[in-house]
Amino acid sequence: MQVLVTNDDGVFAPGLSAIAVALQEAGCQVTICAPDKNWSACGHVKTLTRPLRIFSVSLQNRIEAFACDGAPSDCVALAAMGALEREFDFVVSGINPNNNIGIDVTYSGTVTAAMEAGLNGLPGYAVSLDNQKEGAQAEALKQGAKAAVKVIKQLHSLGVNNDQAHDLVWNINLPFKPEGNFLGVRFTTAGVRVYRDRMEKRHDPYGKPYFWICGDMPAGREEQGNEYEAIRQGYISVCPIRMNMTDTGILESLKDAKLTL
């Protein structure tokens, strides 16, 4: 299988290398096309106001790699439209060094790169690792990558994507397990993210104000069957996401409502 690997942390990020190596060891033909800089929290970007460039880079893992001066979704769009002169069976985005749950999917360049795959008719898999400031980071990435590839290959073999790849994204979140002792895999619902952002107003040397959006790391609300519960309990969370965001329940409740001008 021909696999495109990308991320939002940049082409030299360790999480990208980890998942690319794991895919290659699992028998996939891997090509990397990732941003030339960090695009974390960029959301779903499409660059239309300037030309985009792709150039070859050398990585320690020796997997063929390209850097792009666009966003993660640009990397996927260009590759899907033939910029790398090859066709792909699916796209893997990650590994992101923080989990992406709930509304994170609208911010995350990792997830929106997988969404761009879907928009181009390719199955998209976003992979994220629960953040731990202490511990064996490299080993956690290695073990997480191996487990994620096993999950991705099984999902791909199910054929769920075949008729609806344009509207389906798999959001995979891994608990931090440097020993690889995952308790299993759970299909989950989207979690509820609790943000703790704040704004700081400062002044530059000329007295003009500027602002920082900062704050503590977001938390999650643990509810039965959701992503956050699975991760906290040591399971790999697999959440299928539809890009059609229509609230069909609300729409049904409004079927007899009349709006007038």
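Throughout, residue positions are numbered sequentially from 1 according to the sequence presented. Since the structure is predicted, the reported quantities are computational estimates derived from the model, not experimental observations.
More than 12 non-hydrogen atoms from other residues, nucleotides or ligands lie less than 6.0 angstrom from CD of Glu200. By the 6.0 Å contact criterion, NZ on Lys142 is open, its count of non-hydrogen atoms from other residues, nucleotides or ligands being 12 or less. Counting non-hydrogen atoms of neighbouring residues, nucleotides and ligands closer than 6.0 angstrom, the CD atom of Glu139 exceeds 12 such neighbours. Within 6.0 Å of the CZ atom in Arg62, the count of heavy atoms belonging to other residues, nucleotides or ligands does not exceed 12.
At least one side-chain heavy atom of Leu119 sits less than 4.5 Å from a side-chain heavy atom of Met243. Two residues are said to be in side-chain contact when any heavy atoms from C-beta on lie closer than 4.5 Å; Arg193 and Arg221 fail this criterion. Within the 4.5 Å cutoff, the side chain of Ile172 has heavy atoms near those of the Ile236 side chain. Looking only at side-chain heavy atoms (C-beta outward), Ser17 and Gln60 stay at 4.5 Å or farther from each other. Proximity of Leu84 to Leu4: side-chain heavy atoms (C-beta onward) are separated by under 4.5 Å at one or more points. Contact check for Ile101 versus Asn173: side-chain heavy atoms found under the 4.5 Å cut-off. Phe12 is listed as a side-chain neighbour of Leu59, based on a closest heavy-atom distance under 4.5 Å. Between Asn96 and Asp9, the closest side-chain pair of non-hydrogen atoms falls below 4.5 Å.
Atom OG1 in Thr248 sits 12.5 Å away from atom CZ in Arg242 (nearest 0.5 Å). Expressed to the nearest 0.5 Å, how far CG of Asn100 lies from CG of Leu129 amounts to 11.0 Å. Put simply, CE on Met115 and NE2 on His44 are 7.5 Å apart, with the number rounded to the nearest 0.5 Å. Atom-to-atom distance recorded for Ile231:CD1 and Leu174:CG is 8.0 Å, nearest 0.5 angstrom. Within the model, atoms NZ of Lys258 and CG of Asp256 stand 7.5 Å from one another, a figure rounded to the nearest 0.5 Å. In this structure, CZ on Phe176 lies 8.5 Å from CG on Asn131, to the nearest 0.5 angstrom.
In this model, no donor atom of one side chain and acceptor atom of the other lie less than 3.5 Å apart for Thr112 and Ser73.
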Quiz item: Can you check salt bridge (charged side-chain N to carboxylate O under 4.0 Å, His left out) on Lys255 and Glu252, steps first, answer last?
Solution: CA-CA 5 Å; Lys255 64 182 181 180; Glu252 177 64 22; 3.0 Å; yes
Quiz prompt | side chain to side chain contact (heavy atoms under 4.5 Å, CB included) between Val238 and Leu155, worked out | solution = CA-CA 10 Å; Val238 178; Leu155 289 172; 3.9 Å; yes
Quiz item: Please walk me through it: do Arg50 and Leu52 pass side chain to side chain contact (heavy atoms under 4.5 Å, CB included)?
Solution: CA-CA 7 Å; Arg50 64 173 178 85; Leu52 294 168; 3.8 Å; yes
Self-check item: Worked check of side chain to side chain donor-acceptor pair (under 3.5 Å) between Glu227 and Asn99
Solution: CA-CA 10 Å; Glu227 298 167 300; Asn99 56 30; over 6 Å; no
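Put simply, the side chain of Asn226 gets close to the backbone of Tyr228: a donor and an acceptor are under 3.5 Å apart. The closest donor-acceptor contact from the side chain of Ser108 to the backbone of Thr110 lies under 3.5 Å. A distance-only check finds no donor-acceptor pair linking the side chain of Asp216 to the backbone of Asp197 [under 3.5 Å]. Looking at Asp89, its side chain never comes within 3.5 Å of a backbone N or O of Met1 through a donor-acceptor pair. Looking at Ser93, its side chain never comes within 3.5 Å of a backbone N or O of Ala113 through a donor-acceptor pair. Within the 3.5 Å criterion, the main-chain N or O of Gln154 finds a donor-acceptor partner in the side chain of Ser157. Under a 3.5 Å cut-off, the side chain of Asn181 and the backbone N or O of Lys177 do not form any donor-acceptor pair.
Under the 4.0 Å criterion applied to side-chain N and carboxylate O atoms, Lys37 and Asp69 are not assigned as salt-bridge partners.
Between Thr6 and Pro72, the closest heavy-atom pair is OG1-O, 4.3 Å. Closest non-hydrogen pair, Ala13 versus Asn7, comes out as CB-ND2, 3.6 Å. Ala190 and Cys239 make their closest contact through N-SG, 3.6 Å (heavy atoms, listed as atom of the first residue, atom of the second, distance). The two residues Cys75 and Cys68 have their closest heavy-atom pair at SG-CB, 3.6 Å. Here the shortest heavy-atom pairing between Gln143 and Phe182 reads O-CE1, 3.8 Å. The minimum heavy-atom distance linking Ser128 with Asn98 is given by the pair CB-O, 3.3 Å.
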Pairs of donor and acceptor atoms involving the side chains of residues 20-36, under 3.5 Å and at least two apart or interchain, shall be tabulated with distances.
unit_1, atom_1, unit_2, atom_2, d
Thr31, OG1, Arg86, NH1, 3.1

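Val45 and Phe66 fall into different hydrophobic clusters, where Ile, Leu, Val, Met, Phe, Trp and Tyr are joined by side-chain heavy atoms under 4.5 Å apart, directly or via other members. Linking ILVMFWY residues whenever their side-chain heavy atoms come closer than 4.5 Å, directly or via other members, leaves Tyr107 and Val192 in distinct clusters. Under the 4.5 Å side-chain contact rule for hydrophobic residues, Val194 and Met199 do not share a cluster. No continuous path of ILVMFWY side-chain contacts below 4.5 Å connects Val185 to Tyr235, so the two sit in separate hydrophobic clusters. Under the 4.5 Å side-chain heavy-atom criterion for grouping Ile, Leu, Val, Met, Phe, Trp and Tyr, Trp39 is not connected to Ile54 through any hydrophobic cluster.
The cationic group of Arg202 does not satisfy the cation-pi geometry with Tyr210, failing either the under 6.0 Å distance to the six-membered ring centre or the 45° limit from the ring axis.
Ring geometry for Trp170 versus Phe187: interplanar angle of 30 to 60°, hence tilted.
Ring to ring, Tyr125 and Phe90 are close: their centroids are under 6.0 angstrom apart.
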